[in-house]
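In this text the structure is predicted, and so the values were computed from the model without any measurement. These numbers come from the heavy atoms of this one structure, side chains and all, not from hydrogens, waters or symmetry mates.
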Amino acid sequence: MNKIVVWALIASLAGFLFGFDTVVISGADKKLQQLWNSSDAFHGTVVMGMALWGTVIGAIFGGIPTNKIGRKNTLLWIGILFFISALGSAFANDPFVFAAFRFIGGLGVGASTIAAPAYISEIAPAKDRGRLVAFYQFNIVLGILMAFLSNYLLKDVGENSWRWMMGVQAIPSVIYLLLIMSIPKSPRWLLSKFKNEEARKVLQMMGQEADYENMKKEIEIDNNNAALTNDNIFLKKYRKPLVLAFLMAFFNQLSGINAFLYYSSRIFQEAGLGESTALLSSIGIGVVNLIFTLLGVFLIDKLGRKILMYIGSVGYIISLSLVAMAFFFHWGGIAVPVFLFLFIAAHAIGQGAVIWVFISEIFPNHLRASGQSFGSTTHWILAAIIPSLIPFLFSTVGPGIVFLFFAVMMVFQLLFVRFMMPETKGISLEELSKKLIK
């Protein structure tokens with residue numbers, strides 16, 4: 001079991017790079033807009049938004065290498081993409097070159113949301129699967145916190161401090177690449193590619209050789225069914241997991257989480273905080289996110305996925321409504337930071353802890369990467385559109401209306417959890433497939 005935990009932790013470090021890459025841009029946001037004298041529309045869609053469109057492409061096509069060359073090899077390439085993106089964006093001299101290198105990093109983010117959860121779910125015992133896959137989310141949050149902290153520490157290194165902010169990610173990228181080479185390939189993927197002896201050896205290393213024959217039999221049936229029917233996730237029998245993956249990803253982004261993470265400093269400044277205080281408040285957001293993600297990781301296999309989603313949904317509705325009211329009624333001081341701390345806590349213990357676990361569980365083995373790709377693509381299309389619109393929406397309808405819209409959407413998420421979402425804790429991946437496919 002200790003080996004499995006170590007391998008899961010190493011694979012989940014792709015989440016650290018994901019989190020760091022997503023949020024590090026927030027420290028350079030206004031500096032880059034001033035440097036290149038960009039309009040709100042151009043800055044939001046090209047300079048800030050291009051990485052997010054990279055995640056969309058990475059999510060759409062990330063299932064292909066995850067299936068063809070395997071989960072481990074895809075994770076290796078993801079590290080290379082992050083390294084190239086960090087150095088390239090740090091040395092960029094115009095917004096289009098900067099955006100191109102940010103796009104490359106986005107490819108890594110999108111692909112990581114497929115390969116890392118798929119790998120971890122396939123090596124984890126059923127009773128610990130939620131906790132181990134949630135390591136990925138924990139590392140996303142840790143990466144976010146480190147990006148906020150890094151931005152704060154580097155803000156005064158000179159007029160080109162944004163270059164240091166963007167380039168420092170090359171260091172964890174190299175560490176990740178060295179570590180990822182030490183993990184074995186997924187035994188379920190090996191069996192799906194008829195590499196039976198290699199799969200047996202990995203299961204021996206995991207102390208699960210007794211599961212070999214049963215796992216081999218289930219995957220052979222899975223492969224045979226796929227070959228006979230030209231299987232894909234859009235067939236009628238997979239409608240339920242497909243709808244579940246779509247709605248989970250849809251509501252994740254309609255909470256406004258990525259819009260907030262991308263523009264946390266700007267939002268705090270809109271609420272009346274100075275630039276330095278806004279950056280410091282962003283670090284506070286990172287700390288709260290980390291603490292409540294740890295709580296979610298601890299509880300996900302104890303309380304289950306649905307209970308955490310109930311807690312998160314109610315927390316979302318309360319906190320987002322309060323943020324909207326704070327902007328409508330011009331509440332000053334620490335009101336907005338406190339309400340946003342509550343918002344990030346609700347996200348961390350609910351959607352943050354559950355989304356990648358849940359989507360990695362609900363599709364059959366031969367379609368797991370494709371299903372993960374569909375859920376991730378839905379997530380990242382919305383994650384590209386919504387933050388790209390934030391500068392424009394804030395300057396037109398105002399932040400109060402934006403946060404009120406997010407609050408209303410979370411009421412619909414609560415209804416989704418109550419009436420549609422199944423509980424998946426403690427059930428083997430093969431049993432879940434039988435339960436959800438009609």
I need the [X] [atom1] to [Y] [atom2] distance, nearest 0.5 Å.
X: Thr22; Y: Leu17; atom1: OG1; atom2: CG; value: 10.5 Å
X: Ile183; Y: Leu75; atom1: CD1; atom2: CG; value: 5.5 Å
X: Ile78; Y: Asn73; atom1: CD1; atom2: CG; value: 11.0 Å
X: Met165; Y: Ser150; atom1: CE; atom2: OG; value: 7.5 Å
X: Phe251; Y: Met421; atom1: CZ; atom2: CE; value: 12.0 Å
X: Ile300; Y: Phe358; atom1: CD1; atom2: CZ; value: 10.5 Å

Do [X] and [Y] have side chains that approach each other closer than 4.5 Å (heavy atoms only, starting at C-beta)?
X: Gln372; Y: Phe363; value: no
X: Leu247; Y: Met420; value: yes
X: Trp356; Y: Ile140; value: yes
X: Phe91; Y: Val97; value: no
X: Phe403; Y: Leu340; value: yes
X: Ile123; Y: Val202; value: no
X: Leu382; Y: Asn252; value: no
X: Phe339; Y: Ile318; value: no

Do the side chain of [X] and the main chain of [Y] share a donor and acceptor less than 3.5 angstrom apart?
X: Asn151; Y: Val24; answer: yes
X: Lys72; Y: Met181; answer: yes
X: Ser433; Y: Leu429; answer: yes
X: Glu423; Y: Lys306; answer: yes
X: Lys31; Y: Ser161; answer: no
X: Asn258; Y: Ala383; answer: no
X: Thr378; Y: Phe374; answer: yes
X: Ser85; Y: Phe101; answer: yes
X: Gln253; Y: His379; answer: no
X: Ser319; Y: Gly315; answer: yes

Criterion side-chain hydrogen bond (donor to acceptor under 3.5 Å, both in side chains) against Glu122, the qualifying member of Ser360, Ser192, Ser186
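Of the listed options, the one satisfying the test is Ser186.
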What closest approach, in Å, do [X] and [Y] show between heavy atoms, and which atom pair accounts for it?
X: Asn139; Y: Ser12; value: ND2-OG, 2.8 Å
X: Ala11; Y: Tyr119; value: CB-CD2, 3.7 Å
X: Pro364; Y: Tyr238; value: CG-CE2, 3.8 Å

Under the side chain to side chain contact (heavy atoms under 4.5 Å, CB included) test, which residues partner [X], sequence neighbours left out?
X: Ser321; result: Ile317, Ala407
X: Leu299; result: Leu295, Leu303, Leu308, Ile349
X: Leu294; result: Phe138

Does anything in residues 400-412 form a salt bridge (Lys or Arg N to Asp or Glu O under 4.0 Å)? List the pairs, not counting sequence neighbours.
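Applying salt bridge (Lys or Arg N to Asp or Glu O under 4.0 Å) to every pair that reaches into residues 400-412, excluding sequence neighbours, yields nothing.
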Could you note down all residue pairs passing salt bridge (Lys or Arg N to Asp or Glu O under 4.0 Å) where residues 345-364 supplies at least one of them, sequence neighbours left out?
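Of all non-adjacent pairs touching residues 345-364, those that pass salt bridge (Lys or Arg N to Asp or Glu O under 4.0 Å) are Arg129-Glu361, Arg305-Glu361.
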Show me the donor-acceptor pairs, under 3.5 Å and distance only, between side chains in residues 54-69 and residues at least two apart or in other chains.
| residue | atom | partner | partner atom | Å |
| --- | --- | --- | --- | --- |
| Thr55 | OG1 | Leu52 | O | 2.4 |
| Thr66 | OG1 | Gly62 | O | 2.7 |
| Asn67 | OD1 | Arg71 | NH1 | 3.4 |

Ring pair (Phe, Tyr, Trp, His ring centres under 6.0 Å): pairs with one or both residues in residues 304-324, sequence neighbours excluded
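As it turns out, the ring pair (Phe, Tyr, Trp, His ring centres under 6.0 Å) pairs with a partner in residues 304-324, which skip direct neighbours, are Tyr316-Phe343.
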Sequence neighbours excluded - ring pair (Phe, Tyr, Trp, His ring centres under 6.0 Å) pairs with any residue from residues 6-36:
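Listed by first then second residue: Phe18-Trp380, Trp36-Phe98, Trp36-Trp162.
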Would Phe327 and Ile401 count as a side chain to side chain contact (heavy atoms under 4.5 Å, CB included) here? Give the steps.
CA-CA 9 Å; Phe327 279 108; Ile401 294 291; over 6 Å; no
Polar side chain donor-acceptor pair, Asp29 to His43, under 3.5 angstrom
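On atom types as modelled, these side chains qualify, holding a pair under 3.5 Å.
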Passes side chain to side chain contact (heavy atoms under 4.5 Å, CB included), Leu244 versus Lys240? Steps please.
CA-CA 6 Å; Leu244 290 172; Lys240 187 170 184 179; 4.1 Å; yes
If a pair satisfies side-chain hydrogen bond (donor to acceptor under 3.5 Å, both in side chains) and one of its residues is in [range], list it, with sequence neighbours excluded.
range: residues 94-109; answer: Asp21-Arg102
range: residues 399-413; answer: Ser313-Gln413, Gln351-Gln413
range: residues 165-176; answer: none

Could you list the residues that satisfy side chain to side chain donor-acceptor pair (under 3.5 Å) with Tyr136, not counting sequence neighbours?
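Partners of Tyr136 by the side chain to side chain donor-acceptor pair (under 3.5 Å) criterion, ordered by chain and then number, come out as Ser112.
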Tell me whether the rings of Phe250 and Phe246 are parallel (<30°), tilted (30 to 60°) or perpendicular (>60°).
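Rings of Phe250 and Phe246: parallel, under 30°.
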Can Lys302 be said to sit on top of Phe298's aromatic six-ring, NZ or CZ under 6.0 Å from centre and within 45° of the ring axis?
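Positive - Lys302 is close enough to the ring of Phe298 and near enough to its axis.
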Taking the ring centre of each residue, are Trp189 and His366 less than 6.0 Å apart?
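Centroid separation for Trp189 and His366: 6.0 Å or greater.
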In this structure, is the centre-to-centre distance between the rings of Phe412 and Phe406 below 6.0 Å?
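Centroid separation for Phe406 and Phe412: 6.0 Å or greater.
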Check step by step if side chain to side chain contact (heavy atoms under 4.5 Å, CB included) holds for Thr293 and Leu290.
CA-CA 5 Å; Thr293 296; Leu290 186 70; 5.7 Å; no
Test log, rule side chain to side chain contact (heavy atoms under 4.5 Å, CB included), inputs Val357 and Phe135
CA-CA 10 Å; Val357 175; Phe135 282 165; over 6 Å; no
Check the surroundings of atom CZ in Phe392: do more than 12 heavy atoms from other residues, nucleotides or ligands lie under 6.0 Å from it?
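No, the 6.0 Å shell around CZ holds no more than 12 heavy atoms from other groups.
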Mark yes when over 12 heavy atoms from residues, nucleotides or ligands other than Ile80 sit less than 6.0 Å from its CD1; otherwise mark no.
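Check passes, neighbour count above 12.
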